[in-house]
Amino acid sequence: MSDLRRSRDERGAVVRVEELAGGLVELTAHLPHLAATARAGEFAQLRCGDGPVPLLRRPFSVAWVDGEHCSFVFERVGAGTRLLAAMRPGDTLGSLGPLGAGFTLGDGMRTVVCVAGGLGCAPFPLLARQARDRGASRVVIVHGAATAARLYPAERFVRGDASGVEVVESTDDGTRGHHGLAVDLIADALRGGDVDAVYACGPNPMLAATAARLANTAPAVCEVSLEAPMGCGFGTCLGCALPMRRGDSTAWALCCREGPVMPMQAVDWDALRALPPAHVA
Amino acid sequence: MSDLRRSRDERGAVVRVEELAGGLVELTAHLPHLAATARAGEFAQLRCGDGPVPLLRRPFSVAWVDGEHCSFVFERVGAGTRLLAAMRPGDTLGSLGPLGAGFTLGDGMRTVVCVAGGLGCAPFPLLARQARDRGASRVVIVHGAATAARLYPAERFVRGDASGVEVVESTDDGTRGHHGLAVDLIADALRGGDVDAVYACGPNPMLAATAARLANTAPAVCEVSLEAPMGCGFGTCLGCALPMRRGDSTAWALCCREGPVMPMQAVDWDALRALPPAHVA
Amino acid sequence: MSGESTVDLRVPLGRGVELPNPVGVASGTFGYGFEFEQLIDIQRLGAIYTKGTTPQPREGNPPPRVAETAGGMLNSIGLQNPGVDHVARVYAQSFAQWRVPVIVNVAAATVDEYVHCVRVLDTADGIAGYELNISCPNIAHGMDFGLDATAAGRLVGTVRGATERCLVVKLSPNVTDIAAVARAVEDSGADAVSAVNTYVGMKVHLAMRRPVLPNRGTGGLSGPAIKPLALAAVARVRAAVRIPVIGVGGIATATDALEHFVAGADAVQVGTASFADPRACLDILDGITAYAQRAGLARLTDLRWQPAPLPA
Amino acid sequence: MSGESTVDLRVPLGRGVELPNPVGVASGTFGYGFEFEQLIDIQRLGAIYTKGTTPQPREGNPPPRVAETAGGMLNSIGLQNPGVDHVARVYAQSFAQWRVPVIVNVAAATVDEYVHCVRVLDTADGIAGYELNISCPNIAHGMDFGLDATAAGRLVGTVRGATERCLVVKLSPNVTDIAAVARAVEDSGADAVSAVNTYVGMKVHLAMRRPVLPNRGTGGLSGPAIKPLALAAVARVRAAVRIPVIGVGGIATATDALEHFVAGADAVQVGTASFADPRACLDILDGITAYAQRAGLARLTDLRWQPAPLPA
Ligand SMILES: Cc1cc2nc3c(=O)[nH]c(=O)nc-3n(C[C@H](O)[C@H](O)[C@H](O)COP(=O)(O)OP(=O)(O)OC[C@H]3O[C@@H](n4cnc5c(N)ncnc54)[C@H](O)[C@@H]3O)c2cc1C
Ligand SMILES: Cc1cc2nc3c(=O)[nH]c(=O)nc-3n(C[C@H](O)[C@H](O)[C@H](O)COP(=O)(O)OP(=O)(O)OC[C@H]3O[C@@H](n4cnc5c(N)ncnc54)[C@H](O)[C@@H]3O)c2cc1C
Ligand SMILES: Cc1cc2nc3c(=O)[nH]c(=O)nc-3n(C[C@H](O)[C@H](O)[C@H](O)COP(=O)(O)O)c2cc1C
Ligand SMILES: Cc1cc2nc3c(=O)[nH]c(=O)nc-3n(C[C@H](O)[C@H](O)[C@H](O)COP(=O)(O)O)c2cc1C
Ligand code: FES
Ligand code: FES
């Protein structure tokens, strides 16, 4: 359960809006509190526009922290993300965060494997940094996307200091790296046997497949970052229910407080797959 | 009654947003159809933002036309005007216009007098131009505002060609020109006896006072431009009713089609004064 | 996914009236078509539902009559209209020249007045049918029939006896049970229902410490703000009746219109959206046609959601 | 226009309960206060109306439970809550330490269940009163009482007999005549009413050809979109009863709150606005206090509009 005392509602200037290939956007703003406190996998509720439309904030993983600045990676899927992408340097961004429970980073981890599908890349630049800060010797990032242009640039996973980070890519159409799915590469990444954690973020089918692959040969820590439509982001509206296993039945957990990062084997994957996609065209 | 066949829904690039003194803003955009057709006193329905808030377009007098460009003068009073003022060169402005019935400009007019209170200045740069194009020898613009900073700059009334245009100013606080109301200056402007028309635009109390001053010694054409909250701007919603005299009682006329310019003596000034101000803080 | 049009856009409304396509324009947001005729090609529309027309001419309410809210607008026009005689005698001559079906929205205070209106209009050509407005929130007694299933049923039964033309009944959403009203008017012979009229709302003028709108201070809320409410109402009405349901409320884009079809509509009306964008209705028609073709739909009603039966 | 505070913010709610100020937080948008306690100074609030609390713990509805609309949001939480025993036994101990009055929102399906809840909660300290939720659109039978004045009156009469604590009744706006329900619960002993709960609405997932929300596909609409509807409801209830009216619906700024006072509110609740801006309730309190001082008001209810009596 996340500790809301660590969260702060702050407003800071946008300093950079980068248009990456394939429609990805990286937004960087001066948010000192978030920068000082965010842990990989935690998120911030960002204000998109200042009218009553969109009404609610939008959740985004903290992708990177540099001094007092935080970066977010997203694409334009609806009104909120379009407004964020249209921000210009000097505009004010409102952020409430950090929120939620991030990835579990133990001390003395050896190799950690990150499985990033599409925009599921977002939490991993920060994770790669923080895992190494905690002593991990090797971070393998398995990153898949539909096509080469939509891969998050490998150098952004390893910024600051590339040592110990490996990025392995796959594309559905074979335009770069392995021709196929990111999950196909997991077995390879686990070889060697010194993997202490697998972290995954991406579309639900990919996460379910990852969980299935790891069902038998799982390292100590196996976690996924999940999404749910959110009313508040801090545990009050009870809107962000996720289906978790409880014995033979399903129980609801709050994505914003118990998650977004959940132990892989605790998720009720069948129930999750049955849910409609969060994004309504 | 205005002819809607003259109106067009067009979208053009903003080329300039000028911040004048006292909170006035002048916005100029590439709107070739409006520029080619607008007559002084007519207005355009401008789209403010592209979300559902604000929902409706906002009416603005065409203040000036230069080639294929049109200018509008306004101040930030609410959400719509704030969005307009925040536009930047290159942004797209949607305009439906020209709409409504403008000022009556006869041929062979000698002197015409314009009474402009505050933002009531808006239709008069274009009127000064078009009146002289139609042969008027002299245009006297009596312009009052609360204080000097809020006067629309005199040179903007006379742009292009200053010949034959006189601007006489008043301020409520005496910081420039006559210390008092613009209406105080009307009698002076009428002296000489060759005044063929008086056109007025501004706050309702000023317009009512102007009509009262002219009740006896009125030139042939005495017109006011009025405002009403508008749903559509083109005569369909029936939302923009203005109180007009019909015998001893009040009848409603549509501001957007029979107006916004009305014969001074046709207006039911008592009923108009009793209406709440259109702007809801 | 082919470019060929296979979608059948026609909507049989009853009594021989067939709309050429499902996109109409809502009463009170399109006048009698004469202004829009100068702005867009109104003949492409599925139907024009006219401004509410009353037995006598009406001057309408004192201003202000419109006020904007978050994603919506309030109106208190008070049914300004030239009266049923003028519409039958003068306007209908134009309607008769048009390809687009014109359905006259009729508003009145008593059963006899409704019957009178319909009888007068029946004498004119060029009118495809009537939309009985039993749901106007802005005049005294405007909603009396719309708020009471029994009264609504009685009214429709009597009017049904007076005219052979197609009868649409415009339902008020300001009720506990809109389904009951819909069932009552279906049972009394309505050919279709339209859902919904506006929701009673108020805007406050803080500085004046009173409502912005005159009289009771209330008006009818329309626009995007009410779309979710209208969709819920359409779904509820759809489950209650078998006659066509015309979805109205918050439609500004083709997607909005398609959502009404999912909720259960057979046709739609575009209202407030026409104010900010006079071409909205035609863009919506083009948009839903393109969507239907892309999706390979035979009919737009194929989009309809079939809710699982609820446990009683 | 002086800087000195002369405005009396206190709101006597009945049965000895006096809110320190009129700005409360709406049920279901503030949990039981424990999350917000970590984010803002909740002790400054006029009241906390808790999440709807039921006889037994409830898991809530399947997701998705929230969906955004134009200027509003739909929710179908399904009254997820730990049950009345846990609230009485555990949560109330915290409430008893707080300065802010806590009013427990109670939801149930039968009269007996409401009575049971109130009896259990009566055993705990730290609870100022109850808000009877007879208007939840998201559970079976959640609105049964709220839609029927007679049933509502009977329920309130029975609960009134079971507790000495202050009884607020939360009204449903999904009715033909909210004034009738308000009068019925006043006559049966309610100390105050709160108006309004959410409006039944639907969002459609076009690609899936079904509603976004599960079950019946509907949820409760809240937020700026409903402010005009809520203001009209508050004015109507105000005209019908003498007990305090707590205005709820679309309040996001001090101006919104002041508008509710003009419409007739004695106090307000901030709901959905707290999600996007956890400080909204305190900013609103500060804002209305400053406004009242600037305007030289003795009480906020001095803002109230007194509509001219209507011709019958
Ligand atoms: C904990 C968390 C972290 C996230 N981190 C990222 C990130 O780093 N990069 C990124 O691109 N996206 C991220 N997402 C998804 C992101 O929040 C949505 O893309 C965004 O809310 C879409 O807003 P919109 O207005 O553009 O889209 P719309 O579809 O118009 O939004 C409508 C509503 O649906 C909700 N919604 C839409 N898509 C999603 C979604 N995928 N998940 C949850 N709610 C959704 C919105 O919040 C909004 O309430 C994250 C989601 C969660 C829950
Ligand atoms: C024919 C006509 C011509 C106009 N020309 C000009 C001009 O050249 N320059 C200028 O500054 N203003 C002009 N106005 C007034 C201008 O339309 C309003 O200032 C503007 O609509 C305010 O919008 P807002 O969203 O900023 O304010 P808000 O108060 O937030 O708007 C809320 C609603 O009230 C309406 N409204 C607010 N003020 C007025 C008003 N004074 N008249 C009519 N409706 C109003 C808005 O259109 C909107 O629907 C004109 C009005 C009319 C009717
Ligand atoms: C200005 C205005 C006037 C209206 N007049 C009428 C009317 O005369 N008769 C009627 O049945 N509905 C009338 N309506 C209601 C609309 O027909 C429609 O039901 C409602 O606006 C909801 O649709 P929308 O959200 O698309 O606007 C009016 C609506 C508006 C905005
Ligand atoms: C997520 C959510 C949950 C709610 N839960 C409850 C509830 O449990 N009991 C209740 O009486 N009202 C509940 N409500 C209704 C609110 O208390 C309030 O009446 C409504 O949201 C309108 O106010 P607003 O527009 O300020 O949000 C809930 C509202 C929301 C948005
Ligand atoms: S988003 Fe509100 S409880 Fe999680
Ligand atoms: S603004 Fe719609 S009729 Fe004038």
Side-chain angles (χ1 to χ4, degrees), chain A residues 1-9 11 45-58 78-80 94 96 99 226-244 246 249-257 268 271-272 274-281, chain D residues 25 28-40 51-52 58-81 203-208 210-214 219 222-225 227 250 252-253 271-280:
Chain A
M1 187 71 74
S2 60
D3 178 6
L4 292 173
R5 268 175 253 269
R6 292 177 53 234
S7 314
R8 191 171 300 168
D9 191 1
R11 294 161 66 81
Q45 282 277 74
L46 301 185
R47 198 93 190 77
C48 309
D50 42 27
V53 180
L55 182 66
L56 302 169
R57 293 180 187 237
R58 301 290 190 256
L96 177 68
L99 293 165
L226 298 174
E227 295 182 353
M230 290 187 173
C232 63
F234 48 86
T236 306
C237 74
L238 310 177
C240 60
L242 286 172
M244 307 301 283
R246 191 171 51 195
S249 67
T250 302
W252 310 122
L254 295 183
C255 180
C256 72
R257 298 227 49 200
D268 185 335
L272 192 72
L275 295 181
H279 173 64
V280 179
Chain D
V25 284
T29 65
F30 213 80
Y32 293 86
F34 302 123
E35 295 83 19
F36 274 88
E37 192 185 16
Q38 301 178 52
L39 293 169
I40 63 168
K51 177 66 191 163
R58 286 178 59 97
E59 300 269 331
N61 287 341
R65 292 178 175 184
V66 294
E68 203 173 308
T69 69
M73 69 176 277
L74 291 164
N75 86 78
S76 177
I77 306 300
L79 286 175
Q80 178 179 338
N81 80 93
K203 178 165 177 170
V204 166
H205 199 303
L206 179 56
M208 298 192 66
R210 55 152 291 141
V212 171
L213 298 177
S222 62
K227 188 180 72 169
T253 66
T272 301
S274 296
F275 295 157
D277 179 6
R279 280 196 55 84

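Hydrogens, waters and symmetry mates play no part in the numbers below; they use all other heavy atoms, side chains included. Given the structure is predicted, the values throughout are model-derived calculations rather than measurements. Here is the naming used below: chain letters follow the sequence lines, and residue numbers restart at 1 for every chain.
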Given a strict heavy-atom distance threshold of 4.5 Å, which part of [X] is in contact with chain D: side chain, backbone, both, or neither?
X      : result
A:L238 : both
A:R5   : both
A:A251 : both

- Do D:V66 and D:I77 touch side chain to side chain, with heavy atoms closer than 4.5 Å? yes
- Region of D:T272 in contact with chain A, defined by heavy-atom distances below 4.5 Å: side chain
For [X] against [Y], the heavy-atom pair lying closest together:
X      : Y      : answer
D:Q38  : A:L4   : OE1-N, 3.1 Å
D:P278 : A:D9   : CD-OD2, 4.2 Å
A:M244 : A:A253 : CG-CB, 3.4 Å

- Query: What residues, two or more places apart in sequence or in another chain, satisfy salt bridge (charged side-chain N to carboxylate O under 4.0 Å, His left out) together with D:R65?
  - Reply: none
Between chain D and each of [options], count heavy-atom pairs under 4.5 Å; write down the option with the most.
options                      : answer
A:P54, A:S7, A:G51           : A:P54
A:Q45, A:M230, A:R58         : A:R58
A:G239, A:G233, A:G235       : A:G239
A:A79, A:A271, A:A241, A:P52 : A:A241

- What residue, out of D:A273, D:P214, D:P62, has the most heavy-atom pairs lying under 4.5 Å from chain A? D:P62
- Message: I'd like to know which of D:Q80, D:E68, D:M73, D:M208 tops the heavy-atom pair count under 4.5 Å against chain A.
- Response: D:E68
- Message: Any side-chain to backbone donor/acceptor pair from A:R57 onto D:A276? Under 3.5 Å, distance only.
- Response: yes
- Quick one: ring pair (Phe, Tyr, Trp, His ring centres under 6.0 Å) partners of D:F275, sequence neighbours excluded? none
